[in-house]
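So you know, we letter chains A, B, ... as the sequences are listed, proteins then strands, and number each from 1.
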Amino acid sequence: MSNSANSGPGGKKPQAASTSNFIRQIVEADLATGRHAKILTRFPPEPNGYLHFGHAKSICLNFGLAAQYRGACNLRFDDTNPEKEEQAYVDSIIDSVRWLGYEYGAAPRYASDYFDFMYRAAEHLIEHGHAYVDSQSAEQMRANRGTLTEPGHASPHRDRSPAENLTLFREMRDGRHADGAHVLRARIDMASPNINLRDPAIYRIRRATHHRTGDKWCIYPMYTFAHPIEDAVERVTHSICTLEFEDQRPFYDWLLARLADGGVIERPVPQQIEFARLNLTYVVLSKRKLIQLVEEAHVEGWDDPRMPTLAGARRRGYTAEGFRRFAERVGVSKANSVIEFAILEDAMREHLNEVAPRRMGVLDPLKLVIDNYPQGGEELLEQPNHPQKPELGRRPVPFSGELWIEREDYQEIPEKGFFRLYPGNSVRLRFGYVIECTGMRDGVVHCNYHPDSRSGTPGADAYKVKGNLHWVSARHAHAAEVRLYDRLFRVANPDGVADLNPDSRRIVRAQLEPALGEALPGETFQFERHGYFVRDPKDAGFNRTVSMRDSWTPRNAG
RNA sequence: UGGGGUGUCGCCAAGUUGGUUAAGGCACCGGAUUUUGAUUCCGGCAUUCCUAGGUUCGAAUCCUAGCACCCCAGCCA
């Protein structure tokens, strides 16, 4: 409803215009030709695990297209395999999709809602000679499927009559046969160079309790058969999936054409479009590897802030908006690619920089005493919450003669280019006074301050110093645990746990400005000069989301 | 030696009805502003589009032949 006056897809100002990609082109063409008046996409996870960064790309793609072209996107659970799926996963997935900020209508859909329909569609195929019940064992089926270079061989049951097939299929449904005794297969072409067309199995007998349909069924449709039907029933226009389903598309089209011819579903039928899944440097996204991280306790669970899960991202302080920007930046194509993790980090930084209030926190405390500051004195210093956004207001920060400063901000003998604190040098305490260092004695840094240098007072700017240090009044500090997260793996293309980064988490006892004591769970801040931090939704600690860009340390760090 | 895909700057990615100097982002390198060595800003960064031929006045875009990489032989999705 908003910005309907804007021309072009994206509907934003030129600067925010989204770049073209092949899926947008298909959609635009379909809209232009009138093939579709309105598009409908879908995000179809199997509820057998937690959503990760890769799913975020898919979610942003599907829901993003719907939003951009004023269509809709369904959240649909592809729950056709009761042995692997659980309600707990659907809850967590719903939670994550919501968190990413997308709406999918009144309620999520479930493939299992269409089991009756699918069953009827199967009978339709049987009646028209397009499917048959095979009674070979799984091993026999495999042996007869042929290989990549040799054609397969027909099953001895391939020519059963429709009547016989119907009877057998109904018996399968009625529980008259053991698991694995029979399977329903599409009758296509055992010699097809595309192995997926060599009479793929479409229904199997599986006595398992389904998380939604319970024990109503003992036969379940296979993805191959179920997915196109789910799309068609919902009148999905563009069914977007990953590259590995490319070879499946001929079957997708074969099935839908027959069902449409038979009047089982309506035209136009959905179109399957494949894109390259997300790969990220320094990250593993395969389910097997993620499970291993959790089960072997290399992390503290699926929502560990180091995990590339959406649950982990939330605790890490990553934002939904950051993911959306990230998805837009990496684009969509069919080329297998590996995105540099820096792009994700930068998307998060960019968003956080805009919205995170500034605070001061000392992560590696070193005591600083201002020798000429009034004994026991203290005062409140006003600091802006955001240097570029005065509308975010200001806050008072208590100051006194005894402060915590960052250990790395002091060097007894300054290295080349170091312009922070060292004997004889002056720096400004951020939004406070200019101090001159007199040296370190007994592990405490000493200095004197210039009473007329207080920020905001007349003449304060007369002091020209290069260094600007954050600080926290020792007497007023809020001590808290802060976890400094870094990449989970130390190599760009991690293979497994052998590549784990031993320093992926550093826990420190930090001294924070008192306002941080009232941070709400999940609230995000920029700790000046350090990075972005989020108050952990689960406890009183803070998690580092991402550090600031730093053009100094990298060059000089050993 | 089957089938399906993909190859444009370090990493992504526009561009594909053939037509001036091959978008943009990230990274990187300069420089300006800056009470965050942050942000912001300005500038630099592919005579070249997997390779080799060919067609053409003109090709990343067309043709031919190669090469590289990814996916497919679950009663998983």
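The side chain of A/Ser20 approaches B/A14 more closely than any other nucleotide in the set B/A14, B/A73, B/A27. Closest to the side chain of A/Ser551, from the set B/U6, B/A77, B/A38, is B/A38. For A/Met222, whose side chain is taken as the heavy atoms from C-beta onward, the closest listed nucleotide among B/A77, B/C26, B/A73 is B/A77. Nearest to the side chain of A/Arg204, among B/C76, B/A13, B/G37, sits B/C76. Closest to the side chain of A/Arg206, out of B/C71, B/A13, B/C75, is B/C75. Among the nucleotides B/C26, B/A13, B/C75, the one closest to the side chain of A/Ser333 is B/A13. Residue A/Arg329 places its side chain closer to B/G25 than to any other of B/G7, B/G25, B/G3. When each of B/U36, B/C75, B/A77 is scored by its nearest atom to the side-chain atoms of A/Thr80, the top-ranked nucleotide is B/A77. Closest to the side chain of A/Arg529, out of B/A77, B/C12, B/G37, is B/G37. Picking from B/C71, B/G37, B/C12 the nucleotide with the shortest atom distance to the side chain of A/Asp247 gives B/C71.
Nucleic acid contact for A/Glu246: sugar-phosphate only, since backbone atoms but no base atoms lie under 4.0 Å from a heavy atom of the residue. Among the protein residues, A/Val465 comes within range of no part of the nucleic acid, since none of its heavy atoms lies under 4.0 Å from any strand. Contact annotation for A/Asp346: backbone-only contact, meaning every heavy-atom pair under 4.0 Å involves sugar-phosphate atoms and none involves a base. Using a 4.0 Å heavy-atom distance criterion, A/Gln136 is classed as a base contact. Using a 4.0 Å heavy-atom criterion, one finds that A/Glu83 contacts no nucleic acid atom at all. Within 4.0 Å of A/Phe418, counting heavy atoms only, lies at least one base atom of the nucleic acid. Residue-level contact check: A/Glu345 touches neither bases nor backbone, having no heavy atom under 4.0 Å from any strand. Nucleic acid contact for A/Tyr220: none, since no nucleic acid atom lies under 4.0 Å from a heavy atom of the residue. Among the heavy atoms of the strands lying under 4.0 Å from A/Ala138 is at least one base atom, whether or not backbone atoms are also near. Counting any heavy atom pair closer than 4.0 Å across all strands shown, A/Gly456 reaches a base atom. Nucleic acid contact for A/Leu243: none, since no nucleic acid atom lies under 4.0 Å from a heavy atom of the residue. Among the protein residues, A/Ser337 comes within range of the sugar-phosphate backbone only, with heavy atoms under 4.0 Å from sugar or phosphate atoms but none that close to a base. Heavy atoms of A/Asn21 sit under 4.0 angstrom from primed sugar atoms or phosphate atoms, though from no base atom. Using a 4.0 Å heavy-atom cutoff across all strands shown, A/Ser192 reaches no nucleic acid atom at all.
In this structure, A/Glu86 places its CD atom 16 Å from C1' of B/A77, rounding to the nearest Å. If you take CG of A/Asn279 and P of B/C70, they are 12 Å apart, rounded to a whole angstrom. Atom OH in A/Tyr463 sits roughly 21 Å away from atom C1' in B/U34 (whole-Å rounding). Atoms CZ (A/Phe419) and P (B/U35) sit 12 Å apart, rounded to a whole Å. The interatomic distance linking A/Gln526 (CD) with B/U36 (P) rounds to 11 Å, in whole Å. Summarising the geometry, the separation between CZ on A/Arg277 and C1' on B/C12 is reported as 18 Å, rounded to the nearest angstrom. Counting to the nearest Å, the C1' atom of B/A27 and the CG atom of A/Asp550 are 15 Å from each other. Here B/C75 presents its P atom at 15 Å from CG of A/Asp179, a figure rounded to the nearest Å.
For the P atoms, the distance from B/U61 to B/G7 is 13 Å, rounded to whole Å. Here the separation of B/A32 from B/C49, taken at their P atoms, is 37 Å to the nearest Å. Separation of the P atoms belonging to B/U48 and B/U56 is 24 Å when rounded to the nearest angstrom. B/G25 and B/U64 have their C1' atoms separated by 36 Å, with the value rounded to a whole Å. Across B/U51 and B/C69, the matching C1' atoms stand 15 Å from one another, rounded to whole Å. Only the P atoms considered, B/G66 is 23 Å distant from B/A60, to the nearest whole Å.
Evaluation of A/Tyr223 against the base of B/A77 yields no stacking contact (centre distance < 5.5 Å, interplanar angle < 30° required).
Taking only distance into account, the side chain of A/Glu274 never meets the base of B/G5 through a donor-acceptor pair shorter than 3.5 Å. At a cut-off of 3.5 angstrom, the base of B/U40 holds no donor-acceptor pair with the side chain of A/Gln388.
For the atom pair A/Phe225 CZ and A/Ile202 CD1, the distance stands at 5.0 Å (nearest 0.5 Å).
Nearest-nucleotide assignment on RNA chain B puts the 5′-proximal partner with A/Val338, out of A/Lys466 and A/Val338. Nearer to the 5' terminus of RNA chain B, by closest-nucleotide assignment, is the contact made by A/Tyr532 (compared with the other of A/Glu85 and A/Tyr532).
Between A/Thr149 and B/G3 there is no side-chain polar atom (N or O) within less than 4.0 angstrom of OP1 or OP2. Using a 4.0 Å cut-off, some side-chain N or O of A/Arg142 falls inside it from OP1 or OP2 of B/G74.
Because its NZ or CZ atom is not both nearer than 6.0 Å to the ring centre of A/Phe525 and within 45° of the ring axis, A/Arg359 does not count as a cation-pi partner of that residue.
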Could you go through the salt bridge (Lys or Arg N to Asp or Glu O under 4.0 Å) check for A/Arg420 and A/Glu406 one step at a time?
-> CA-CA 10 Å; A/Arg420 277 115 93 154; A/Glu406 212 64 61; over 6 Å; no
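Contact annotation: the side chain of A/Arg395 approaches that of A/Asn385 to within less than 4.5 Å [non-hydrogen atoms, C-beta and beyond]. With a 4.5 Å cut-off on side-chain heavy atoms, A/Leu429 and A/Phe399 count as touching. Within the 4.5 Å cutoff, the side chain of A/Tyr282 has no heavy atoms near those of the A/Arg490 side chain. Side-chain atoms of A/Pro47 and A/His211, non-hydrogen and from C-beta on, do get closer than 4.5 Å to each other. Residues A/Glu85 and A/Arg212 have side chains not in contact (no heavy-atom distance under 4.5 Å, counting atoms from C-beta outward).
Paired with A/Asp134 under the rule salt bridge (charged side-chain N to carboxylate O under 4.0 Å, His left out), one option of A/Arg158, A/Arg160, A/Arg204, A/Arg185 passes, and it is A/Arg185.
Considering every non-hydrogen atom in both A/Gly432 and A/Leu381, the closest pair reads CA-CD2, 3.8 Å.
The nucleotide B/G2 finds its pairing partner in B/C72, both defining distances of the Watson-Crick or G-U wobble pair being shorter than 3.5 Å. Nucleotide B/U21 forms no Watson-Crick or G-U wobble pair with any nucleotide shown, as no partner meets the under 3.5 Å limit on both distances.
In textbook terms, a nucleotide whose glycosidic angle is within 90° of 0 is syn, and B/G74 is one such case.
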Using the 3.5 Å cut-off, write out each protein N or O paired with an N or O of nucleotides 16-19 of chain B and the distance between them.
none

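Side-chain atoms of A/Glu513 come within 3.5 Å of backbone N or O of A/Met360 as a donor-acceptor pair.
Ion pair A/Glu123/A/Arg170 flagged as a salt bridge, since at least one NZ, NE, NH1 or NH2 atom sits closer than 4.0 Å to an Asp/Glu carboxylate oxygen.
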